[in-house]
Colleague: 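The structure's right below; bear with me while I get my questions together.
Residues take their numbers from the sequence shown, with the count starting at 1.
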Amino acid sequence: MMRFLAGRLLRATVTIVMVVTFAFVVLRLSGDPAQIIMGADAPPEAVDAFRAAWGLDQPVWLQYFHYFGAIFQGDLGRSMRDGRDAIVLVAERIPATLALTIPALVIKLGLGIPAGITAALHRNSFIDRAVMMLAVAGFTVPSFVLGLLLVLVFAVQLGWLPSGGQESWRHAILPIITMGVGGAAVLARFTRSAMLEVLGQPYIRTASAKGVPWRAVVWGHALPNAAIPTVTIVGFMVGSLIAGAVVVESVFSWPGVGRLLVVAVANRDLAVVQCILLLVAATMVTANLVVDLLYGLLDPRLRNQPKRAAGVA
């Protein structure tokens, strides 16, 4: 188990370094932050002074090593817009983002998994076709389109809910629904496929032939084995709690991390963008690490794969 965990931790660390490196290079190739922040009418002397103050006049490779050295010291940089620590700006927005993403995750799990199981147990029936039709519709409609449709119906036409902002709990209803519907549709499709694959296995037919009640077959044999592939998509959803809020927060003017990322990218606020991307990468990698560990717990054969391979060799 320790070898299994060490390999996953090493892979997680390498992934985070690669993501941060890619973001660092792309941000510096996408435009000059000094020119954007200072404005097109700023004198060249002021722009050069800004570059020197923020180290932008140094070679990219030297900026890269300084950046990583600062990370190991707990310094994620300061915002070029107001001089505040980037981590402080991001931390202030995390509660607002979690206020949307956690309820949306509950909706995804509460709707998607039962819908997928129900569709699989009633394969090729009207229930199955209805569930899959709704799942396909929820999966294919982009979140910004769904959000705008909800605003048009419930905010503009009916006037039941506000169209944006964060003044009260009512402002969170439409963005939560927008984020939850698409994820529930994806989860329903994955759960249905996993259940159908398990229900077609010989041991399911054997259990049924022995007279085991169908409810016991489903709950005792089918669901535990179908959980392994379903855990993958759930882990991805947990890991993308912050990244998945970018579009929805922009549509509904919700002051979370996603909206901060959009503003920081537009303003070339490098430290803030890098801090958010580091947070997103760490969240995704941690979620995937937990999924890998759950794989090892759900199916011990996965932990022994390297050992068996070595024995065969």
Colleague: Of all the heavy-atom pairs spanning A120 and M195, show the shortest one and how long it is.
Modeller: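 For A120 and M195, the tightest heavy-atom pair comes out as CB-CB, 3.5 Å.
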Colleague: Verify the cluster assignment for L149 and M179: are they in a single hydrophobic cluster under the rule of side-chain heavy atoms below 4.5 Å apart?
Modeller: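 Yes, it is one cluster - the side chains of L149 and M179 are joined through contacts under 4.5 Å.
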Colleague: Which residue in the set V251, L261, V280 passes side-chain contact (heavy atoms from CB on, under 4.5 Å) when paired with V246?
Modeller: L261
Colleague: Please assess L121 against L199 for the test side chain to side chain contact (heavy atoms under 4.5 Å, CB included), listing each intermediate value before the final yes or no.
Modeller: CA-CA 9 Å; L121 295 178; L199 291 173; 4.0 Å; yes
Colleague: Once side-chain hydrogen bond (donor to acceptor under 3.5 Å, both in side chains) is applied, do any residues pair with N124, and if so which ones, sequence neighbours excluded?
Modeller: none
Colleague: Do side-chain atoms of D82 reach the backbone of R84 as a donor and acceptor pair under 3.5 angstrom?
Modeller: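 Checked: pair present.
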Colleague: Checking side chain to side chain contact (heavy atoms under 4.5 Å, CB included) for the pair F154/L174: CA distance, chi angles, key distance, verdict?
Modeller: CA-CA 8 Å; F154 293 100; L174 291 182; 4.2 Å; yes
Colleague: Taking all atoms of both residues into account, what is the closest heavy-atom pair of T15 and R11, and its distance?
Modeller: OG1-O, 2.8 Å
Colleague: For F22, is the CZ atom crowded, meaning more than 12 foreign heavy atoms sit under 6.0 Å from it?
Modeller: no
Colleague: Supply the atom-to-atom distance T140 OG1 to L146 CG, rounded to the nearest 0.5 angstrom.
Modeller: 10.5 Å
Colleague: By salt bridge (charged side-chain N to carboxylate O under 4.0 Å, His left out), which residues pair with E197, not counting sequence neighbours?
Modeller: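 Partners of E197 by the salt bridge (charged side-chain N to carboxylate O under 4.0 Å, His left out) criterion come out as none, since no residue qualifies.
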Colleague: Is there a side chain to side chain contact (heavy atoms under 4.5 Å, CB included) between T178 and V247 once you walk through the steps?
Modeller: CA-CA 10 Å; T178 302; V247 174; over 6 Å; no
Colleague: Okay, side chain of S125, backbone of H122: is any donor-acceptor separation there less than 3.5 Å?
Modeller: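 Yes; judged by distance alone, with no hydrogens or angles, the pair exists.
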Colleague: For residues W169 and V151: do they belong to one hydrophobic cluster (side chain heavy atoms under 4.5 Å, members Ile, Leu, Val, Met, Phe, Trp, Tyr)?
Modeller: yes
Colleague: Which heavy atom of I16 sits nearest to which heavy atom of A281, and what is that distance?
Modeller: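 That closest heavy-atom pairing would be CG1-O, 4.3 Å.
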Colleague: To the nearest 0.5 Å, tell me how far L89 CG sits from S79 OG.
Modeller: 5.5 Å
Colleague: Look only at the side chain of W254 and the backbone of P175, and say whether a donor-acceptor pair between them is shorter than 3.5 Å.
Modeller: no
Colleague: Under 3.5 Å, is there a donor-acceptor pair between the side chain of N267 and the main chain of D269?
Modeller: no
Colleague: Find the distance between CD1 (I71) and CG (L278) and round it off to the nearest 0.5 Å.
Modeller: 5.5 Å
Colleague: Could you tell me whether the side chain of V248 reaches within less than 4.5 Å of the side chain of F144, counting heavy atoms only?
Modeller: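 Side chain of F144 against side chain of V248, heavy atoms only: no contact under 4.5 Å found.
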Colleague: How about F68 and V17: do any of their side-chain heavy atoms sit closer than 4.5 Å?
Modeller: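 F68 vs V17: side chains touch.
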Colleague: At their closest point, which heavy atom of L187 faces which heavy atom of K108, and how far apart are they?
Modeller: CD2-O, 3.5 Å
Colleague: Can you tell me how far OG1 of T97 sits from CZ of R259, rounded to the nearest 0.5 angstrom?
Modeller: 11.5 Å
Colleague: Does some side-chain heavy atom of H66 sit less than 4.5 Å from a side-chain heavy atom of Q58?
Modeller: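 Counting from C-beta outward, Q58 and H66 do come under 4.5 Å.
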Colleague: May I have all residue pairs that pass side-chain hydrogen bond (donor to acceptor under 3.5 Å, both in side chains) and include part of residues 273-286, sequence neighbours excluded?
Modeller: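 Every pair satisfying side-chain hydrogen bond (donor to acceptor under 3.5 Å, both in side chains) with a residue in residues 273-286: R28-Q274.
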Colleague: Mind running side chain to side chain contact (heavy atoms under 4.5 Å, CB included) on R192 and M132 for me, showing each step along the way?
Modeller: CA-CA 9 Å; R192 177 183 181 274; M132 285 300 98; 3.3 Å; yes
Colleague: If hydrophobic clusters are built from ILVMFWY residues whose side chains come within less than 4.5 Å, do I107 and I113 share one?
Modeller: no
Colleague: Does some side-chain heavy atom of E167 sit less than 4.5 Å from a side-chain heavy atom of P162?
Modeller: no
Colleague: Residues two or more places apart in sequence or in another chain: which of them pass salt bridge (charged side-chain N to carboxylate O under 4.0 Å, His left out) with R51?
Modeller: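 Salt bridge (charged side-chain N to carboxylate O under 4.0 Å, His left out) check on R51 returns D32, D48.
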Colleague: To the nearest 0.5 Å, tell me how far L196 CG sits from T191 OG1.
Modeller: 10.5 Å
Colleague: Decide whether F252 and L148 are clustered together by the hydrophobic rule: side chain heavy atoms of Ile, Leu, Val, Met, Phe, Trp, Tyr closer than 4.5 Å, transitively.
Modeller: yes
Colleague: Of all heavy-atom pairs between A287 and G235, which one has the smallest distance, and what is that distance?
Modeller: CB-O, 3.4 Å
Colleague: Going only through I, L, V, M, F, W and Y residues with side-chain contacts under 4.5 Å, is there a path from V262 to L277?
Modeller: yes
Colleague: Measure the CH2-CD distance between W54 and Q63 for me, rounded to the nearest 0.5 Å.
Modeller: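 One finds 12.5 Å between CH2 of W54 and CD of Q63.
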Colleague: Any Lys/Arg nitrogen of R93 or E249 sitting under 4.0 Å from an Asp/Glu carboxylate oxygen of the other?
Modeller: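 Not counted as a salt bridge, because no side-chain N and carboxylate O are separated by less than 4.0 Å.
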Colleague: Minimum heavy-atom separation for V90 to V257, with atom names?
Modeller: O-CG2, 3.9 Å
Colleague: Under the ring pair (Phe, Tyr, Trp, His ring centres under 6.0 Å) rule, collect the residues that match up with F65, sequence neighbours excluded.
Modeller: none
Colleague: How about R123: does its CZ atom have over 12 heavy atoms from other parts shown lying under 6.0 Å from it?
Modeller: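 Counting other residues, nucleotides and ligands, CZ of R123 stays at 12 neighbours or fewer.
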Colleague: Please list, chain by chain and in numerical order, all residues satisfying ring pair (Phe, Tyr, Trp, His ring centres under 6.0 Å) with F24, sequence neighbours excluded.
Modeller: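 With sequence neighbours excluded, F24 shows a ring pair (Phe, Tyr, Trp, His ring centres under 6.0 Å) to Y64, Y67, given in chain and number order.
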